[in-house]
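Data block below; observations after.
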Amino acid sequence: MPSPNGLARREYGDPEISNAALYVNSKFALSDKAHVYAFGGFNKRKGDAYAWTRFADDDRNVPAIYPNGFDPIITSDIEDLSAVVGIRTRLGGWELDISNNFGSNSFEYGLRNTLNASLGAASPTSFNAGGFQLDQDVVSVGLTRNYKTVLQGLNVAAGAEARREWYSLFAGEEASYRNYDPSLSGGSQGFPGYQPSDAIEAKRNNLGAYVDAELSLTQRWLLAAALRFENYSDFGSTLNYKASTRYNLTDFLTVRGTFSTGFRAPSLAQINFNSTFTNFIGGDPVEVLLARNNSAVTQKLGIPSLKQETSTSANVGFTSRLGSAVSLTVDGYYIKVKDRVVLTSQFGADDPVIGADLVALNVDQAQFFANAADTRSLGLDVVLNHFVTVGTGRLTSTLAANFNNLRVDRVKTSGRLAGREDDFFGAREQAFVKASAPPSKINLTFDYQVSRWGALLRFVRFDKVTLLDFDGLQMNYASRITTDLTLSYALTPHLQLAVGSSNLFGVFPTLFDPQRTETGGAWDPLQMGSNGRFVFAKLQARF
């Protein structure tokens with residue numbers, strides 16, 4: 001419920017983050033042919049983010065607790081752990097690398113400055129809302145060898161990996177998700193906790209093997225090819241390849257090209273994530289389910305099991321040196337993705353086709369992940385570098401530009417939703433996908449170094465982007481140019497001080513009515529961001 005002046009929220013912006021990390025990197029010689037290495041680290045982050053405002057007269061507020069309404073704060077407690085141990089040694093003419101790589105991420109949600117309206121004035125104002133964790137362990141073996149006498153040189157690589165993944169989603173405390181009075185909104189406002197029915201523990205295994213070869217046919221001509229096989233315990237096998245070539249036409253001009261196939265497995269979170277929460281629509285409580293892929297809802301609607309995204313891509317380009325001080329790189333690319341995993345729109349109990357099915361399953365609204373879209377991208381990358389001596393210093397100028405066109409070729413529906421492409425993954429959802437790859441982005445950078453001093457000036461142009469509001473009306477975000485400036489000074493050969501600003505002149509995206517945006521603020525999520533000027537100072541030490 002917005003405020004009388006039309007605002008949907010009083011607080012908007014990036015979360016407040018505190019971060020602490022510790023990393024180590026080590027290497028120990030076993031002999032003149034072998035060594036052991038180990039590296040990894042631990043990172044802990046805590047964050048506070050504002051949710052949408054509950055104004056004083058909102059049905060989700062309890063005036064006895066918050067007479068002026070409240071702004072729920074979603075807290076996050078994130079821990080990342082990584083550890084790699086391995087050994088490298090020579091076996092005859094081969095280089096052998098055996099390693100074990102473990103990584104873990106846990107994410108716990110909490111709420112404060114909030115309440116559970118169905119508890120009335122007795123409601124607590126903070127909650128543990130649950131969370132999730134993903135662990136991954138990879139054992140890999142790799143072999144490489146160089147044959148100098150095969151034509152102008154042959155590099156060969158082969159290897160295998162065994163990967164195991166674990167995913168768990170755990171419930172929050174009861175008051176964070178339960179509705180104690182059906183006439184009121186239940187759960188912690190801002191982020192209802194995960195329910196016991198959402199909780200799950202899932203795992204899968206993966207085996208992979210690859211071969212790779214690079215052959216220099218002549219001093220100027222290189223051919224390369226690679227083949228990779230993967231087998232997943234939850235959806236099967238895939239075989240992909242890559243072929244590329246590079247030819248030096250002259251000492252100053254090289255052409256190159258690559259064609260490859262690829263895949264991306266659906267993550268365990270996309271397959272198993274499940275969340276139930278309560279919305280109020282027209283004053284009535286509505287149970288909304290983000291249904292996991294193998295849930296009763298998706299099975300009832302005929303949504304198939306998630307499978308891997310597959311892709312084909314090609315790129316052709318050249319690199320050149322235009323004299324001793326100028327270099328130019330141009331690459332054109334084409335990427336086609338089939339069976340892209342997307343999150344569908346919400347389907348309600350009033351839907352003419354599946355509404356009765358949702359009611360029978362005690363669900364008022366539902367949405368889910370599905371392999372619902374085929375997309376293709378056509379683009380061009382250009383990088384121009386120039387080096388020149390200015391006084392006693394050196395000035396490096398770089399112009400880098402990307403031009404990209406992404407389109408949705410096809411929307412795929414299935415089961416009971418067959419033929420309803422515009423409802424399944426419509427224009428609004430497609431616009432957000434396209435906005436993730438804007439038509440162009442151009443950077444112009446000047447980097448000047450003299451003695452211990454350094455100065456970097458960068459201009460960034462973000463292209464226009466078109467999104468759609470909830471009524472399907474266009475929201476045209478105009479192009480913008482931001483300016484970054486950094487000044488640095490080397491205090492010692494190992495210690496450097498830098499001060500600067502990103503978006504020095506505080507440029508913001510086009511303003512819109514908060515009632516029209518996805519965020520409830522003045523802007524939708526955009527690549528250029530919406531925080532305005534950022535000023536920093538940093539001290540860098542190298543040991």
Side-chain angles (χ1 to χ4, degrees), residues 15 17-24 38-47 49 74-86 99-111 128-140 161-173 176-177 191-208 230-236 238 262-277 289-295 298 305-309 339-343 367-371 436:
I17 297 291
S18 61
N19 185 79
L22 177 65
Y23 291 91
V24 296
F39 58 89
F42 177 77
N43 184 288
K44 187 174 182 64
R45 286 168 287 169
K46 287 183 175 293
I74 305 172
T75 68
S76 56
D77 190 345
I78 308 168
E79 293 185 355
D80 292 300
L81 173 67
S82 63
V84 179
V85 177
S99 66
N100 188 91
N101 185 335
F102 176 80
S104 176
N105 168 263
S106 66
F107 199 126
E108 294 188 29
Y109 286 104
L111 277 296
N128 174 5
F132 42 82
Q133 180 167 338
L134 176 66
D135 298 327
Q136 184 182 92
D137 189 72
V138 182
V139 178
S140 62
E161 291 181 346
R163 181 166 67 247
R164 188 169 178 82
E165 298 175 83
W166 301 265
Y167 175 78
S168 62
L169 191 154
F170 44 91
E173 62 179 288
S176 73
Y177 60 81
F191 187 90
Y194 295 115
Q195 302 184 16
S197 59
D198 299 325
I200 194 173
E201 292 189 359
K203 60 184 179 181
R204 71 178 173 196
N205 301 318
N206 164 256
L207 294 175
E230 298 270 356
N231 177 265
Y232 284 80
S233 59
D234 54 352
F235 69 80
T238 179
F263 79 101
R264 190 191 73 84
S267 69
L268 284 179
Q270 288 177 322
I271 296 172
N272 296 287
F273 184 80
N274 202 82
S275 178
T276 305
F277 54 95
L289 175 68
L290 199 169
R292 64 172 52 102
N293 188 238
N294 60 352
S295 68
T298 54
S305 299
L306 286 180
K307 60 183 179 180
Q308 71 269 29
E309 301 174 347
D339 299 320
R340 188 166 181 162
V341 178
V342 299
L343 185 61
Q367 62 182 155
F368 32 84
F369 287 103
N371 294 98
S436 67

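All residue numbers in this chain count up from 1 along the given sequence. The figures here come from the full heavy-atom set of this structure, side chains too, leaving out hydrogens, waters and symmetry mates.
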Quiz item: Does any N or O in the side chain of Thr75 come within less than 3.5 Å of the main-chain N or O of Gly110, such that one atom is a donor and the other an acceptor?
Solution: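 Yes, the answer is positive, given that a donor and an acceptor are paired below the 3.5 Å cut-off.
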
Quiz prompt | Check: Glu173 side chain, Asn128 main-chain N or O, donor-acceptor pair, under 3.5 Å | solution =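 Such a contact is found between Glu173 side chain and Asn128 backbone.
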
Should [X] and [Y] count as side-chain neighbours, where that means a heavy-atom distance under 4.5 Å?
| X | Y | value |
| --- | --- | --- |
| Ile74 | Tyr109 | yes |
| Val85 | Asn100 | no |
| Asp234 | Ile271 | yes |
| Ser267 | Tyr167 | no |
| Gln133 | Ser104 | yes |
| Trp166 | Glu201 | no |

Find the distance between [atom1] ([X]) and [atom2] ([Y]) and round it off to the nearest 0.5 Å.
| X | Y | atom1 | atom2 | result |
| --- | --- | --- | --- | --- |
| Phe191 | Ser76 | CZ | OG | 10.5 Å |
| Phe368 | Arg292 | CZ | CZ | 15.0 Å |
| Leu268 | Asn293 | CG | CG | 11.5 Å |
| Phe273 | Ile200 | CZ | CD1 | 11.5 Å |
| Asp198 | Asn272 | CG | CG | 12.0 Å |
| Glu79 | Glu108 | CD | CD | 7.5 Å |

Show the nearest heavy-atom pair for residues [X] and [Y], with the distance to one decimal.
| X | Y | answer |
| --- | --- | --- |
| Ala162 | Leu207 | CB-CD2, 3.7 Å |
| Ala171 | Ala199 | N-CB, 4.4 Å |
| Ile17 | Gly47 | CD1-CA, 3.7 Å |
| Pro266 | Gln270 | CA-OE1, 3.6 Å |
| Tyr177 | Gly172 | CE2-O, 3.5 Å |
| Gly131 | Tyr194 | N-CD1, 3.6 Å |

Quiz item: Passes side-chain contact (heavy atoms from CB on, under 4.5 Å), Phe39 versus Tyr23? Steps please.
Solution: CA-CA 7 Å; Phe39 58 89; Tyr23 291 91; over 6 Å; no

Practice problem: Could you check Asp77, Asp80, Asn19 and say which one makes a side-chain hydrogen bond (donor to acceptor under 3.5 Å, both in side chains) with Lys44? | Solution: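 The passing option is Asp77.
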
Quiz item: Out of Asn206, Asp137, Asn205, which one pairs with Arg164 under the side-chain hydrogen bond (donor to acceptor under 3.5 Å, both in side chains) rule?
Solution: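 Result: among Asn206, Asp137, Asn205, Asn205 is the only option passing the side-chain hydrogen bond (donor to acceptor under 3.5 Å, both in side chains) with Arg164.
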
Practice problem: Check the side chains of Asp339 and Gln308 for a donor-acceptor pair under 3.5 angstrom, ignoring hydrogens and angles. | Solution: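 No, no side-chain donor-acceptor contact under 3.5 Å.
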
Self-check item: Working for side-chain contact (heavy atoms from CB on, under 4.5 Å), residues Leu134 and Phe107
Solution: CA-CA 9 Å; Leu134 176 66; Phe107 199 126; over 6 Å; no

Quiz prompt | salt bridge (Lys or Arg N to Asp or Glu O under 4.0 Å) partners for Glu165, two or more places apart | solution =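 Testing Glu165 for salt bridge (Lys or Arg N to Asp or Glu O under 4.0 Å), a comparison that skips the adjacent residues, returns Arg163, Arg204.
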
